[in-house]
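Note that the numbering runs from 1 along the sequence shown for the chain.
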Amino acid sequence: MATETIDVEDQLLPCSENDSKPGRKVTEAISYRHLNTSELTGTTPVREEEKVKIKSKDPTPELRTYNIKLGWVQGVLIPCLLNIWGVMLFLRIAWIVAQAGIALTIAIICLSGVVCVITTLSLSAICTNGELHGGGVYYIVSRSLGAELGASVGIMFAFANAVAASMNTIGFCESLNDLLKSHNMKIMDNDVNDIRIIGAIALFVMCLICAFGMDWETKTQNFLITIIVSAILNYILGVFIGPLNTQQDAKGFVGLKLAQAKKNLMPDFRYSENQEHNLFSIFAMYFPAVTGVQAGANICGDLKDPATAIPKGTLIALAISISSYLIMATLCGFAALRDASGHVEDLLAGNIDACKPNCPYGLHNNYGIMQLMALSSELIYAGCWAATLSTALTNLLSVPRLIQALGVDKIYPGLIFFSKRYGKHGEPYRGYVLTFLVSLLFLLIADLNTIAPLITNFYLASYALINFCTFHAAIVMSINWRPSFQYYNRWISLFGFLMCIVIMMIISWMMALLTVSIFLTLYLIVLYRKPDVSWGSSTEAQRYKEIISALVQMSYVTENVRTYNPQLLVLAGGPYLRPALLDLGQFITNTGSFMIVANIDECHLSYTERAMQQQVGEEWLHTRKERGFYVVVDGCSLEDGLRNLIQCSGLGRVSPNIMLIGYKNNWQKAPFNKVKTYVKLIQILMLLGCINLNSLTTRRNDNVILVYHDHRIAFDQQLAVAILRVPLTVPPRNATQVKHQNSQTSLQDEIHTQVLTIMNADSDIEIVIKVDEPDEDNAGESSPPPEEQQHITEQQRQRHGKSGVFRPLELNEENNLDSWWLYDDGGLNVLLSYIIAIRGFHAMPLRIFALARTCHRIEEAEAGMEALLHKFRVEFSCLKMIKGLYDPPQSETKEMFNMMIERFRTDVESDVLITNEELERLNQKTDRYLRLRELVIENSSNASLIVMSLPRPRPNTVSAALYMTWLEVLSNDLPPLLFVRGNDTSVLGV
């Protein structure tokens with residue numbers, strides 16, 4: 001594909017022909033729809049739906065039922081009451097009194113109430129801190145503590161509610177079985193099989209009721225709550241009236257008696273349901289009875305005013321339900337025997353409980369004793385069915401919406417399928433199917449006492465997380481934490497969190513460990529997937545505070561070479577135009593550093609234009625998973641914009657220390673002022689990062705000149721410079737990673753002087769004296785003839801397709817990465833080579849070509865350099881000292897150089913064009929670069945990547961055209977080449 005080059009102001013890099021017309025800004029191509037993605041081979045495809053939009057993102061749509069909005073009574077109070085008044089109310093509360101006694105039962109109810117009240121206060125604070133949408137507890141926790149904790153507790157809550165639906169359905173089936181048995185009727189066996197058959201049908205019908213929508217479910221709830229209240233009043237009235245005949249007395253209902261209350265006051269724990277019971281096993285059995293405090297929050301998307309309705313409705317429901325449990329438990333203890341034979345003769349003989357522990361009647365033995373004590377047993381049956389079915393109905397209603405919210409947020413991939421909404425109310429029909437299947441699975445257990453302790457741990461863990469949410473948000477003191485509900489305390493929330501954890505461990509440490517393991521697994525899955533969400537959670541606020549504190553603290557810490565990391569400032573313009581430049585930056589920074597990708601626009605941009613450019617750059621980096629930030633500088637020249645970037649980018653120690661730019665491929669055809677500007681930019685970078693040449697002192701020591709740095713230019717940003725050239729022919733492919741280090745300790749200065757004893761400090765020193773090397777090996781060294789060089793180039797063109805920096809950077813891990821370390825600039829050349837070659841996904845062989853000072857024998861220099869590299873712990877496959885650099889270049893190479901500079905010759909003194917005087921003055925240096933080209937072709941023509949020391953363009957010493965010719969000579973018709981120039985600060989730690 002034919003290409004032109006973009007103006008130097010357009011970030012110094014070539015682009016495709018469509019994006020490089022004279023005078024056109026790269027920044028005009030800021031929408032993905034302007035990109036010809038077919039030309040960006042190997043890049044991430046740009047989809048039409050990814051067009052740039054300036055918008056605020058809320059990944060969770062409102063999972064509301066649109067037309068139906070409920071108040072606090074219908075939406076919170078009644079669902080909470082129905083959820084709390086469940087299976088325990090009529091089927092297990094009497095048995096709990098028998099086991100624990102009146103005193104401990106009251107303690108269990110109060111302890112459960114304390115947990116629920118604290119959780120309700122915490123939940124109310126969270127609910128009143130912003131607008132609530134659908135998703136229930138998941139939505140509340142995820143928007144408070146983040147996606148990781150929110151999704152984990154959401155899954156646990158959904159599972160607990162689904163299993164609770166099974167538990168309450170089993171309770172309904174048990175009561176129905178008792179009724180059938182009393183009339184000598186059965187379906188199969190009046191036992192587990194009947195429970196499974198009846199329960200499956202009941203579950204299916206309740207799911208249909210929920211699926212019909214909120215209006216059907218609401219009407220059903222109103223009918224059920226009426227029956228439950230009537231049944232409770234019927235029971236209380238029956239207890240106060242007392243037994244109506246001696247048969248009731250014989251079965252354990254003796255009426256309200258203080259003496260009986262004294263007998264039932266203390267616990268009488270027994271072996272029951274294959275378990276020896278104690279206080280905490282009874283607590284585990286009871287606690288699911290009061291786990292309905294989240295019922296209102298589960299359908300918060302269906303409430304008119306969730307922030308007001310949830311606290312008000314939940315607290316009132318909790319007060320009513322706990323009071324009812326206390327009253328009913330106390331009445332059981334005052335009016336019923338623990339054991340009774342059911343025979344009137346035993347009653348008259350005074351040994352009614354002689355049959356214990358195998359009596360058929362009494363609080364211990366008859367789960368349906370409330371039917372006996374109530375005024376109307378039929379109404380108790382109806383109340384029991386209403387309580388169990390209503391709780392199951394509420395659970396079945398909440399779980400699908402929670403699953404739907406998780407699917408919409410795309411937290412877990414497997415749940416995305418359940419995000420689809422149906423009908424005008426957005427019903428989660430797929431979620432209903434999943435909930436039905438999970439509930440049916442646990443229904444098949446058909447044992448209420450087995451299921452209840454199982455879900456207790458999941459509810460306690462969920463409540464613990466809700467309390468921790470409030471504590472964490474309050475302790476972090478995020479600016480966004482402003483709940484309108486003020487009746488909470490962060491320390492009480494912490495106490496509630498710890499209480500839940502301790503109770504979990506005491507009830508069953510094995511179940512607690514299992515619950516925690518499941519929670520951690522769910523948490524780590526979300527943490528690994530890193531969902532793209534930002535909800536202003538307290539964890540984000542805490543992370544922000546920690547980052548700011550760390551940045552401030554780092555600014556006071558003295559730098560050390562071992563803490564050095566390459567932090568890049570990449571002048572790339574539109575990032576989608578130069579993926580090769582970003583690929584290299586990713587190789588270098590992927591193991592723990594970062595890069596700032598900059599776009600300088602000389603035109604003044606409006607807020608919208610600037611925001612669009614910013615968002616396109618950020619989305620591109622995010623799509624390619626680049627570790628970087630994108631910045632836009634507008635309204636200034638390229639030189640001023642570059643200075644501003646260098647001086648203002650980063651924060652304290654987290655500031656760029658390497659500037660990465662692209663090579664100006666079209667410099668030979670570009671206007672002279674563009675060439676001048678490009679070279680001037682390189683000079684600006686080096687001046688901001690180099691030693692002040694007027695502030696050097698020297699000392700002679702044993703024929704070695706040591707250079708000491710008194711001080712540097714008054715800039716904090718001491719940037720190294722890297723220039724990437726990707727030719728139109730590049731070797732095969734691969735990708736790699738990175739790491740890096742920097743500082744100025746006395747030990748490092750000592751090591752630095754050891755390097756200087758072997759290598760030149762700068763390209764100027766190497767041509768002062770020409771010393772003939774005594775090695776006879778040099779005699780046979782020569783570059784391949786021009787015909788062979790041309791043959792190699794043609795082979796490359798045939799073997800590899802066309803490319804450029806507007807294509808991805810492709811490296812072959814089987815080929816070598818060659819580092820041409822020509823002079824010591826702090827070791828950045830070697831370090832970057834090591835990072836790309838050794839620390840990548842696929843290690844490449846690293847060969848180092850080093851240039852020794854002319855006063856050293858090759859063998860001595862090579863031994864000294866090898867010892868230094870081992871001291872620096874740099875792994876390499878081959879070390880070779882450069883020989884033959886001072887041989888004259890071949891005539892063909894000189895002829896190529898003359899053709900390159902022909903357009904730039906002049907007789908008038910110029911800082912851009914080349915004069916005869918300059919050519920004569922810099923003739924020796926030019927010959928060194930021409931000869932260096934021949935050596936590079938001889939040794940590195942098949943390398944995967946070449947990293948070479950960048951010559952310094954000294955102002956008023958070398959013209960822009962001659963400097964660019966040197967770079968062209970060193971990089972033309974070669975594999976991808978990275979010029980590197982450090983800032984004379986050591987980056988290789990020992």
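The side-chain heavy atoms of L460 and T515, taken from C-beta on, include no pair separated by under 4.5 Å. The shortest side-chain heavy-atom distance between Y523 and I155 does not fall under the 4.5 Å cut-off. Residues W385 and I227 fail the side-chain proximity criterion, which asks for heavy atoms closer than 4.5 Å. Residues L441 and L437 are not in side-chain contact: their nearest non-hydrogen atoms beyond the backbone lie 4.5 Å or more apart. When side chains are defined from C-beta on, M285 counts as touching M88, because their heavy atoms get closer than 4.5 Å. M511 places none of its side-chain heavy atoms less than 4.5 Å from the side chain of P453. Using a 4.5 Å heavy-atom threshold, the side chains of F283 and S112 count as touching. Here the side chains of M206 and T169 are in contact, with some heavy-atom distance below 4.5 Å.
For F458 and F159, the distance between ring centers is under 6.0 angstrom.
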Worksheet item: Do M167 and F442 pass the side chain to side chain contact (heavy atoms under 4.5 Å, CB included) test, and can you show the C-alpha distance, the side-chain angles, and the key distance before you say yes or no?
Response: CA-CA 8 Å; M167 182 187 71; F442 283 88; over 6 Å; no
Discussion item. The test is side chain to side chain contact (heavy atoms under 4.5 Å, CB included); show your working for N177 and K181 and say whether it passes.
Written reply: CA-CA 6 Å; N177 263 357; K181 186 184 297 184; 6.0 Å; no
Worksheet item: Under the side chain to side chain contact (heavy atoms under 4.5 Å, CB included) criterion, do F90 and I232 qualify, and how do the steps go?
Response: CA-CA 9 Å; F90 294 105; I232 293 174; 4.1 Å; yes
Item to complete: Go through V115 and M499 one step at a time and tell me if the side chain to side chain contact (heavy atoms under 4.5 Å, CB included) criterion holds.
Response: CA-CA 8 Å; V115 172; M499 183 189 300; 3.3 Å; yes
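Distance alone, capped at 3.5 Å, is enough to place a donor-acceptor pair between the S166 side chain and the S439 backbone. Under the 3.5 Å distance criterion, the side-chain polar atoms of T456 are matched with a main-chain donor or acceptor of A284. At distances below 3.5 Å, at least one donor-acceptor pair connects side-chain atoms of S182 with backbone N or O atoms of L179. Under a 3.5 Å cut-off, the side chain of S175 and the backbone N or O of G171 do not form any donor-acceptor pair. A donor-acceptor pair under 3.5 Å is formed between the side chain of N234 and the backbone N or O of S376. Between the D189 side chain and the D191 main chain, a donor and an acceptor come within less than 3.5 Å of each other. Checking side-chain atoms of N168 against main-chain N and O of L389 turns up no donor-acceptor pair under 3.5 Å. Although no hydrogens or angles enter the test, the distance criterion places no donor-acceptor pair under 3.5 Å between the side chain of Y325 and the main chain of I93. Side chain of T314 to main chain of P311: no donor-acceptor pair is present (N/O by atom type, distance under 3.5 Å, no hydrogens or angles).
Cation-pi geometry between K420 and F417 is not met at under 6.0 angstrom from the ring centre and within 45 degrees of the axis.
For the residue pair N467 / S493, no side-chain donor-acceptor distance below 3.5 Å is found, with atom types taken as modelled. There is no side-chain donor-acceptor pair under 3.5 Å between Y412 and R529. Side-chain contact annotation: Y367 with D178, donor-acceptor N/O pair under 3.5 Å absent. Between the side chains of S390 and W85, no donor N or O sits under 3.5 Å from an acceptor N or O.
The minimum heavy-atom distance linking L406 with Y138 is given by the pair CD2-CE1, 3.3 Å. Heavy atoms only, all atoms of each residue included: V526 and A151 are closest at CG2-CB, 4.0 Å. Summarising the geometry of C210 relative to E427, their closest heavy-atom pair is O-OE1, 4.0 Å, with the distance given to 0.1 Å. Shown here for A125 and P483, the closest heavy-atom pair between the two residues is O-CB, 3.1 Å. Closest heavy-atom contact between S419 and V408: CB-N, 3.5 Å. Here the closest non-hydrogen pair linking A162 and V399 is N-CG2, 3.8 Å.
Atoms CG and CD1, from L379 and I228 in turn, are 11.0 Å apart once rounded to the nearest 0.5 Å. Atom OG1 of residue T388 and atom CG of residue L91 lie 7.0 Å apart, to the nearest 0.5 angstrom. Rounded to the nearest 0.5 Å, atoms CZ (F287) and CD1 (I109) are 13.0 Å apart. The CD1 atom of I118 sits 11.0 Å away from the OG1 atom of T470 when rounded to the nearest 0.5 Å. Note that OG1 of T119 is 11.0 Å distant from CG of L465, once rounded to the nearest 0.5 Å. Separation of atoms CG (L203) and CG (L208) is listed at 11.0 Å; rounding is to 0.5 Å.
Ring geometry, F497 versus F468: the interplanar angle falls from 30° to 60°, so the pair is classed tilted. A tilted orientation is assigned to the rings of F157 and Y463, their planes being inclined by 30° to 60°.
Within 6.0 Å of OH in Y422 there are more than 12 heavy atoms belonging to other residues, nucleotides or ligands.
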